[in-house]
Amino acid sequence: MKLGQRVDAEKMEQMRKLALEGKNALQISKIIDVSPTTAREYIKKWGLDTKEKKGSKYSPKALEEWDRLHEKYGTKNE
């Protein structure tokens, strides 16, 4: 299936079933013959996106220290 084509009800139901089973967009796209972007958009639309948001790579303690130093020394290089 080409990107941008409409997905019929049967394929949409198959996508939903596979997403509920825990398949990711790339796996679904290979099984059902839709683009990964289409599968990903439907997964998001149905609220089945299980990807966790990545947090900051810095610990809260390090961020507090950064803020404290920033307040103390400022941002100007004089």
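Scope of the values below: all heavy atoms of this structure, side chains included, with no hydrogens, waters or symmetry mates.
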For residues 15-28, which side-chain donor-acceptor pairs fall under 3.5 Å, sequence neighbours excluded?
residue, atom, partner, partner atom, Å
Asn24, OD1, Leu26, N, 3.1
Asn24, OD1, Gln27, N, 2.8
Gln27, OE1, Asn24, N, 2.9

Interatomic spacing from CD in Glu13 to CG in Asp8 - rounded to 0.5 Å
11.5 Å

Same apolar cluster: Tyr58 and Trp66, side chain cutoff 4.5 Å
no

Given Ser35, which of Asp33, Thr37, Thr38 fulfils the side chain to side chain donor-acceptor pair (under 3.5 Å) condition?
Thr38

I'd like to check Met12 versus Trp46 (side-chain heavy atoms, cut-off strictly below 4.5 Å). Are they in contact?
yes

Could you tell me if the side chain of Glu65 sits less than 4.5 Å from the side chain of Leu69, heavy atoms only?
yes

